[in-house]
Structure formats: structure tokens, C-alpha cells
Amino acid sequence: VQLQASGGGLAQAGGSLRLSCSASGRTFSNYIMGWFRRAPGKEREFVSSFNRNGDKTYYTDSVKGRFTISRDIAKSTVYLQMNSLKPEDMGVYYCAAAPRSTILSAIGNEGSHYYWGQGTQVTVSS
């Protein structure tokens with residue numbers, strides 16, 4: 001599956017951005033879609049994901065209550081709505097796809113995701 005992320009840019013602290021990730025090539029519903037990010041000088045980390053059925057969502061603690069993951073199956077697109085942005089949210093955001101068979105405990109692991117988008121830069125000014 002090919003993933004194309006977009007929607008990054010510059011926002012002020014407290015502002016919002018919405019990232020989009022369009023999937024093509026294979027059946028969208030066969031994959032668990034999620035978002036990761038890499039802050040400057042840090043390793044890539046898990047941000048948010050669906051479960052395999054797409055009816056539950058998961059977030060890293062630092063974004064809970066501020067970020068919302070959603071999807072449009074008809075458009076094969078996953079979104080990440082980011083509100084109340086903080087300077088520490090800055091980084092390159094990647095959408096990723098894991099096989100639907102991935103167990104819940106592995107959803108936050110990079111190695112579980114076989115397909116990655118190219119990344120989109122999010123910059124937050126204080």
C-alpha cells in the first residue's frame with residue numbers, strides 16, 4: 001500500500017493543524033492505520049492509532065485530549081486533527097500501516113508497520 005501524507009505546516013502554539021494520509025494500492029480496511037512522529041534530535045515515536053476493527057483509538061499520553069485520529073474509509077484516508085499545539089509537538093509526522101493481524105500490544109511499535117508515508121513537517125512557534 002502507498003501512503004501519502006499531507007497537511008503539515010507552521011502553526012502558533014495553541015493553534016491547530018489537520019494532517020491527512022491517503023492510502024492506495026491495497027484494501028484500506030486490511031490495515032491498521034496510525035501516526036508516528038520524529039522530533040528534532042529524537043527517535044520516531046508513536047502518536048496515535050486505530051485498533052484492528054477501527055472502532056477504538058489510542059494516543060500517546062502527551063497528545064491525549066488534544067489530538068484526534070479519524071478515518072474516511074470511502075476515501076481511504078486517515079486524518080490527525082491536532083489542536084492546542086505545543087512547541088514539543090513539532091517534528092515530522094508519518095502515517096503508517098500495520099497488517100490487520102497485528103496484536104494490540106504491538107500497534108505502537110514501528111516494526112509492526114510495513115508501510116510508511118513520506119512524512120510531513122509540523123512546526124509550532126511559541
Side-chain angles (χ1 to χ4, degrees):
V1 60
Q2 291 78 46
L3 303 178
Q4 180 72 36
S6 62
L10 174 64
Q12 291 187 334
S16 299
L17 287 172
R18 188 176 81 154
L19 307 183
S20 299
C21 176
S22 298
S24 61
R26 295 193 180 184
T27 305
F28 182 71
S29 58
N30 286 344
Y31 296 91
I32 300 171
M33 301 298 297
W35 291 93
F36 288 73
R37 68 185 178 189
R38 178 181 281 126
K42 296 186 178 181
E43 295 186 352
R44 190 158 54 187
E45 64 171 350
F46 169 79
V47 176
S48 180
S49 177
F50 286 98
N51 67 342
R52 64 176 59 177
N53 292 329
D55 58 356
K56 292 184 179 180
T57 56
Y58 303 94
Y59 301 91
T60 191
D61 287 345
S62 62
V63 308
K64 286 180 180 177
R66 301 188 297 119
F67 289 13
T68 303
I69 189 171
S70 62
R71 67 180 187 172
D72 185 330
I73 295 177
K75 296 182 178 179
S76 296
T77 300
V78 177
Y79 304 97
L80 186 68
Q81 178 67 44
M82 306 185 296
N83 298 330
S84 302
L85 283 163
K86 302 178 180 181
E88 52 263 42
D89 294 320
M90 187 161 52
V92 180
Y93 282 69
Y94 300 87
C95 59
R100 196 167 181 270
S101 59
T102 303
I103 60 175
L104 182 60
S105 61
I107 285 178
N109 298 337
E110 284 191 58
S112 299
H113 294 73
Y114 296 176
Y115 304 99
W116 293 83
Q118 84 284 9
T120 184
Q121 176 71 46
V122 170
T123 302
V124 182
S125 62
S126 57

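In this structure, L17 is not a member of the same hydrophobic cluster as L10, with clusters built from ILVMFWY side-chain heavy atoms closer than 4.5 Å. A chain of hydrophobic side-chain contacts below 4.5 Å, direct or via other Ile, Leu, Val, Met, Phe, Trp or Tyr residues, connects I73 to Y115.
At distances below 3.5 Å, at least one donor-acceptor pair connects side-chain atoms of Q118 with backbone N or O atoms of A5. In this structure a side-chain-to-backbone donor-acceptor pair under 3.5 Å is missing from S49 to Y58. With hydrogens and angles disregarded, a donor-acceptor distance shorter than 3.5 Å links the side chain of S112 to the backbone of A106. In this structure, the side chain of D72 does not engage the main chain of T77 through any donor-acceptor pair within 3.5 Å. Between the R18 side chain and the Y79 main chain, no donor and acceptor come within less than 3.5 Å of each other.
Between H113 and A96, the shortest heavy-atom contact is CD2-CB, 3.5 Å. Nearest heavy atom pair, residue A97 against residue V1, reads CB-CG1, 4.2 Å. Across S20 and W35, no two heavy atoms sit closer than the pair O-CH2, 3.7 Å.
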Original post:
What's the verdict on side chain to side chain contact (heavy atoms under 4.5 Å, CB included) for V78 and L80, showing C-alpha distance, side-chain angles and the deciding distance?
Top reply: CA-CA 7 Å; V78 177; L80 186 68; over 6 Å; no
Original post:
Would F50 and K56 count as a side chain to side chain contact (heavy atoms under 4.5 Å, CB included) if you check the C-alpha gap in whole Å, the side-chain angles of each, and the deciding distance to 0.1 Å?
Top reply: CA-CA 6 Å; F50 286 98; K56 292 184 179 180; over 6 Å; no
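Atom OG1 of residue T120 and atom OH of residue Y93 lie 10.5 Å apart, to the nearest 0.5 angstrom. From S22, atom OG reaches atom NZ of K75 across 9.5 Å, with rounding to the nearest 0.5 Å. For the atom pair I32 CD1 and I107 CD1, the distance stands at 4.5 Å (nearest 0.5 Å). We find the OG1-NZ distance between T57 and K64 to be 10.0 Å, quoted to the nearest 0.5 Å. Here the CD1-CE distance, from I69 to M33, works out to 8.0 Å after rounding to the nearest 0.5 Å.
Residues V122 and M82 are in side-chain contact: their nearest non-hydrogen atoms beyond the backbone lie under 4.5 Å apart. With a 4.5 Å cut-off on side-chain heavy atoms, R100 and N53 count as touching.
Remark: Y59 engages no residue in a ring-ring contact (aromatic ring centres under 6.0 Å, His included) (not counting sequence neighbours).
Annotation for Q121: atom CD counts as buried by contact number, over 12 foreign heavy atoms lying within 6.0 Å.
The disulfide (SG to SG under 2.5 Å) pairs that include a residue from residues 11-122 are C21-C95, where partners are two or more places apart or lie in different chains.
Between W116 and F36, the gap from one ring centroid to the other is short of 6.0 Å.
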With a 3.5 Å cut-off and sequence neighbours excluded, list the donor-acceptor pairs that the side chains of residues 84-92 form with protein atoms.
| residue | atom | partner | partner atom | Å |
| --- | --- | --- | --- | --- |
| D89 | OD1 | R37 | NH1 | 3.0 |
| D89 | OD1 | R66 | NH2 | 3.0 |
| D89 | OD2 | R66 | NH1 | 2.7 |
| D89 | OD2 | R66 | NH2 | 3.3 |
| D89 | OD2 | K86 | N | 2.8 |

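The existence of a salt bridge linking E110 and R44 is confirmed by a sub-4.0 Å separation between a basic side-chain nitrogen and an acidic carboxylate oxygen.
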